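Some notes on the structure that comes next.
Numbered from 1 within each chain, the chains take letters A, B, ... in sequence-line order. Quantities reported herein were computed from a predicted structural model and do not represent experimental measurements.
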Number of protein chains: 2
Amino acid sequence: MANAIPSRSENYSEWYNELVKRADLAENSAVRGCMVIKPYGFSIWEKMQRALDDMFKETGHMNAYFPLFIPKSFLSKEASHVEGFAKECAVVTHYRLKNAPDGSGVIVDPDAKLDEELIVRPTSETVIWSTYKNWIQSYRDLPLLINQWANVVRWEMRTRLFLRTTEFLWQEGHTAHATSDEAMAETRQMLEVYARFAEEWAAIPVIKGYKTANERFAGAEETLCIEAMMQDGKALQAGTSHYLGQNFAKAFDVKFQSKAGTLEYVWGTSWGVSTRLMGALVMAHSDDSGLVLPPKLAPIQVVIIPIYRSEEQLAQIFEKVKEISAGLRKKGISVKFDDSDANKPGWKFAEYELRGVPVRLAMGARDLENGTVEVARRDTKEKMTVQLEGIVDRIEALLEDIQRNIYDKALAFRTANTHRVDDYAEFKQVLDEKGGFILAHWDGTPETEERIKEETKATIRCIPYNAPEEEGKCILTGRPSTKRVLFARAY
Amino acid sequence: MANAIPSRSENYSEWYNELVKRADLAENSAVRGCMVIKPYGFSIWEKMQRALDDMFKETGHMNAYFPLFIPKSFLSKEASHVEGFAKECAVVTHYRLKNAPDGSGVIVDPDAKLDEELIVRPTSETVIWSTYKNWIQSYRDLPLLINQWANVVRWEMRTRLFLRTTEFLWQEGHTAHATSDEAMAETRQMLEVYARFAEEWAAIPVIKGYKTANERFAGAEETLCIEAMMQDGKALQAGTSHYLGQNFAKAFDVKFQSKAGTLEYVWGTSWGVSTRLMGALVMAHSDDSGLVLPPKLAPIQVVIIPIYRSEEQLAQIFEKVKEISAGLRKKGISVKFDDSDANKPGWKFAEYELRGVPVRLAMGARDLENGTVEVARRDTKEKMTVQLEGIVDRIEALLEDIQRNIYDKALAFRTANTHRVDDYAEFKQVLDEKGGFILAHWDGTPETEERIKEETKATIRCIPYNAPEEEGKCILTGRPSTKRVLFARAY
Ligand SMILES: [Zn+2]
Ligand SMILES: [Zn+2]
C-alpha cells in the first residue's frame with residue numbers, strides 16, 4: 001500500500017475512483033471506456049452472480065445464450081427501442097484484416113465489407129424476440145422464462161469505473177407470457193428479487209417504484225426500479241424490471257395459439273442488473289480507509305494475521321490458527337491466513353482494511369500465553385481481545401452482526417437524508433445544501449419533470465410503491481397532485 | 001417430438017446437426033455463423049463451467065475480466081500471433097448510428113468513425129499482456145494466475161453448431177511466471193486438468209500430447225493438447241495449453257525484477273476450452289435415439305414418469321414419488337417428476353431418451369400394488385423392475401455405473417479404432433476404409449506433414465506423451481523416426 005486514498009469529504013468522486021483502483025477492483029484498459037475487472041473485484045462480482053442466479057432459478061428461470069451481434073435492421077423494428085438504443089453503439093462493418101502493403105501492420109480489408117452492419121448488443125430484446133418467434137407456437141410453450149449473463153456495449157463519451165463503462169457485464173432476463181397479468185406479475189416478482197438481493201446481500205436499502213414515462217426503458221410500457229442512496233446523497237438505480245406489453249411481440253410477430261384456440265400476441269418482460277452494482281456496493285458502505293464489504297459478498301470473510309518474533313512463535317501461532325480456520329471453514333466461512341514475511345503486520349492491517357475484509361484476527365506472543373486472539377471488525381473498527389474458547393461461534397455471530405449493522409447504517413443514513421419538501425425554493429435549497437432524496441408533489445406531466453431536471457439536475461427517481469395517497473400541489477406548477485414522488489440527483 | 005432423427009450410419013453429419021437442434025441444445029441464429037445456446041444445452045455448459053472453474057480455483061487461479069475489444073495495432077505486436085489471428089475477425093469501425101434521411105431506418109453515422117479500428121477479441125493474449133505490463137514489477141507479483149470466461153469471435157465461412165461458430169463461449173487462462181520451468185509446469189498442469197475433466201466428467205478418454213510446429217498456437221513455443229475420438233472415427237481437439245515462452249512479454253515489454261535484482265522478461269502460458277466441448281460430448285456418446293449424457297454433466301439425472309388411469313392413481317403414485325425424490329435430492333441427485341397430462345408416457349419416454357436423461361423411473365398401477373418401480377438406464381437401454389426398498393442407494397450406484405460404462409464404451413471404441421500402420425498405402429486404405437486414429441512413423445519435418453495432409457486430409461493430432469521410443473521409418477519418406485505420432489482426420 002502506498003499513500004492513503006483521498007477522504008470522502010475532501011473529494012467524494014476522487015475517493016471513489018482511487019478506492020476502486022487501489023482495492024484492486026477494476027481499472028481502465030487500453031481501450032477507451034472499457035474496464036478491466038481485476039481478480040479481487042471479479043470475485044465479488046462472482047458472489048453477486050451466484051446469489052442472483054440462485055434466485056432466478058428458484059423462481060423458475062433458466063439461462064441461455066444469444067448472439068453478441070444484432071443485425072442493424074433489427075433495431076429499427078420496435079419504434080421507441082431504436083430511439084433509445086440505436087444511437088451510441090459499436091458497429092461492425094468488416095470481417096477481415098489484411099497485411100498493409102507497406103508492411104506497417106494490418107489494415108481493414110475493403111473487400112470484406114458486410115452487406116448489413118452488425119451492432120454489438122446494447123441489450124438483447126430484438127435478437128431474443130426474433131428467436132422467440134420460432135420457440136412459441138402455443139400456450140403450452142408459455143411462460144418462457146429465460147435469463148442470460150452477458151457483456152453489452154453502449155458507447156459512452158464520459159465513463160467511470162463500474163458506474164458507466166462502454167462495455168459492461170450484466171444479466172438480462174427475457175420472459176414471454178400468455179396474459180398481460182402474468183407478465184406484470186413477473187415484472188413485479190423480479191423487482192422483488194432485485195430488492196431482496198440489494199437488501200439481504202449487498203446490505204443496501206432500496207426504494208421500489210415506477211419510473212415516469214420519461215425515464216422508462218425504450219420499448220417498455222412500464223419500468224419498475226429500485227433506487228439506492230449513496231453516501232454523497234445521490235441516487236443510484238440498482239436494478240430495473242420492464243413490462244413490455246406486446247410491443248416486442250408485435251415488432252417480431254410472436255403469436256401463440258391460446259387455450260381457446262385464438263391467435264394472440266405474446267406479453268413480455270425484461271429485467272437486468274449489471275456491474276454497476278459493484279459501484280453501488282463501494283459507494284454505499286465504504287469509508288476513508290477503504291472498502292467496507294457486507295460479509296455475504298466478501299471474497300475473504302476473515303483474515304488472520306500472525307504477529308511473531310521468531311519462526312518458533314510463528315509455528316506455535318500456526319498450530320492455533322489451523323484449528324480456528326478449520327472450524328470457520330466447516331461453517332462455510334472463508335478464511336485467509338497471511339503469514340507472508342514480505343510485509344509487516346501494520347501494513348497488512350491497512351491492506352485488509354482497504355480491501356474491506358469484514359473480520360480481522362491478530363495473534364501474537366501474549367495471545368499464545370493467554371489463550372486469546374484480537375478480533376477487529378472492519379465496519380466499526382472496534383477491536384477486542386477474546387478467549388479462543390468458543391471463537392468460531394463468536395465469529396459466525398459477528399459476521400451476521402456486521403451484515404446487519406452495515407444495512408442499518410445505510411438505512412439510517414438514507415432516513416436522515418430524505419426530506420419532504422413542499423415548495424420549489426426549498427427544493428432547490430435542499431438539493432444544493434443537503435442533497436439526498438426529496439419527496440415532493442409533482443403534477444404528473446413530462447414537461448414539469450423536464451423543467452425541474454433542467455433547472456436543478458434532479459430527476460424523478462421513481463414513484464414509490466408505498467407512496468401514500470395525499471392531497472398536494474406540484475412544487476413547480478402548483479397544480480394538484482395525489483402523491484409524492486422521489487426526486488434526487490443521480491448517478 | 002416429431003419424426004425420429006437420422007441414424008448415425010445413414011448420415012453421421014446430419015444425425016449430429018439434427019440431434020443438437022432436436023434435443024434443445026442449440027440452433028442457428030439470425031446472425032450468420034452465431035448460435036443460440038438453448039436453455040437445456042446451456043444447463044449442460046453450466047455444469048461444465050462449474051466443474052472446470054472449481055478445478056481452476058483448486059489449482060490457485062482467480063477469474064478476472066478483460067475488454068471485448070482489442071485495438072487493431074495490438075494484434076501486430078507479436079509477429080506470429082498476427083499471422084494466426086488478425087485475419088478473419090469482426091472489425092468495429094464506427095460508434096454511432098443515425099436516422100436515415102429517407103426515414104427507412106438507421107444508418108452508420110460517417111462522422112463517428114474510430115481513429116483506430118477495434119477488433120472483437122478472437123483470443124485475449126494481446127490485451128491481457130498489455131495489462132500485465134502494469135501489474136508486474138517484481139518477482140513478488142509472480143506467478144500471476146488468471147482465468148477469464150468470455151465470448152470470442154473468429155469469422156468463419158463454414159460453421160457448425162458448437163464445433164465451429166463465429167462467436168463461441170470459452171475460458172482462457174493467462175498466466176505469468178518468473179521462470180521457464182514454472183511456466184512449462186503450469187502448461188502441463190492445465191493440460192492435466194483438461195484431461196481429468198474430459199475423462200472424469202465428460203467420460204471421454206483423451207490422448208495427451210504435443211502439437212507439431214505446424215499446428216501450434218500462433219505465438220506459442222509449445223502447444224499441448226488433448227485429442228478425443230468421435231464415433232465416426234474422426235479426432236476432435238478438446239483442449240489446448242500453450243507455453244508462450246517470453247514471446248508476449250517481449251511484444252508488450254513485460255519485465256520483472258528478479259530476486260537477484262536483475263530485470264528479466266516474464267514467462268507466459270495460455271490455455272482454453274470452449275463450447276466445442278458440447279459438440280464433443282454429443283458426438284462421443286450419443287446414439288440414434290438421442291443424447292447419452294454422462295450423469296455428472298446431465299442437467300436432469302433421474303426422470304420419474306407416472307403411468308396412471310385416474311387422478312386417484314396419480315395421487316397414490318405421487319405419494320411414493322415424493323419419498324424417492326426427497327431421498328435422491330438429499331444425495332445431490334437432480335430429479336424431475338413429469339406428470340404433465342399434455343403427453344402420453346410413450347411420448348415422454350422418447351423425449352427423455354432424446355434428451356439423454358441417464359435414469360428413467362416409471363411407476364404404474366401394478367408397481368403400486370407390488371411396491372416396485374421400473375428402472376431404465378439410458379446408456380444401455382436396459383430396463384428392470386425393482387423393489388422400492390433401497391431404491392435411492394441403488395440409483396446412486398446406478399448413476400456411478402452409467403458414468404463408468406459410458407467412459408469404458410468410448411475407450412473400447414477408441415482402442416478398437418486405433419491402428420498401427422507402417423506403410424503409406426496401408427495408411428491411406430485404413431483412413432478410407434476404417435478411419436480412426438493411426439499411430440505411424442513420421443520423419444519430423446513440416447514438409448512431410450503438409451504433404452500427408454494434402455494427400456489424405458489426415459493431420460498429426462499430436463505427438464503423444466506416452467509414445468514409446470521405437471526405431472522406425474517415416475511412412476511417406478522412409479527416413480528414420482524414433483517414435484510414432486497420432487494421425488487422424490479431424491473436426
Ligand atoms: Zn429534511
Ligand atoms: Zn488396426
Cut-off 4.5 Å, heavy atoms of chain A, and the answer for K57(B) is side chain
Quick one: what part of I146(B) sits under 4.5 Å from any heavy atom of chain A, side chain, backbone, both or neither? side chain
Measure W45(B) against the heavy atoms of chain A and call it side chain, backbone, both or neither at under 4.5 Å. neither
Shorter than 4.5 Å, heavy atoms on both sides: which option in M35(A), H94(A), K77(A) has the most such pairs with chain B? H94(A)
Interface moiety of D24(B) toward chain A, non-hydrogen atoms closer than 4.5 Å: neither
Are any non-hydrogen side-chain atoms of K38(B) and F66(A) less than 4.5 angstrom apart? no
Would you check if N151(A) and N151(B) make a side-chain contact, meaning some heavy-atom pair closer than 4.5 Å? yes
Side chains of L97(A) and I119(B): closer than 4.5 Å at any heavy-atom pair? yes
Max heavy-atom pair count under 4.5 Å with chain A, selected residue of A30(B), S340(B), P39(B): P39(B)
I would like to know whether E167(B) and Y65(A) meet side chain to side chain donor-acceptor pair (under 3.5 Å); could you show each step before the answer? CA-CA 11 Å; E167(B) 181 191 18; Y65(A) 189 75; 2.5 Å; yes
Is the closest side-chain heavy-atom distance between L68(A) and V120(B) below 4.5 Å? yes
Salt bridge E116(B)-R32(A), side-chain N to carboxylate O under 4.0 Å: no
Chain B interface, residue from R140(A), E117(A), E46(A), H61(A) that has the most non-hydrogen pairs under 4.5 Å: E46(A)
Report which part of E27(A) has an atom under 4.5 Å of a heavy atom belonging to chain B: side chain, backbone, both, or neither. side chain
Whatever's closer than 4.5 Å to a heavy atom in chain A on R154(B) counts as neither
Selection from N99(A), I128(A), V127(A), I37(A) maximising heavy-atom pairs under 4.5 Å formed with chain B: I37(A)
First locate atom CG of N28(A), then atom OG1 of T131(B), and finally report the distance between them rounded to the nearest 0.5 Å. 11.0 Å
Aromatic rings W155(B) and F69(A): how do their planes relate, parallel, tilted or perpendicular, breaks at 30° and 60°? tilted
Donor-acceptor under 3.5 Å (K72(A) side chain, V106(B) main chain): yes
Nearest 0.5 angstrom please: F42(B) CZ to N147(A) CG, how far? 9.0 Å
Can you tell me which of C34(A), A150(A), S43(A), P67(A) forms the most heavy-atom pairs within a distance under 4.5 Å of chain B? P67(A)
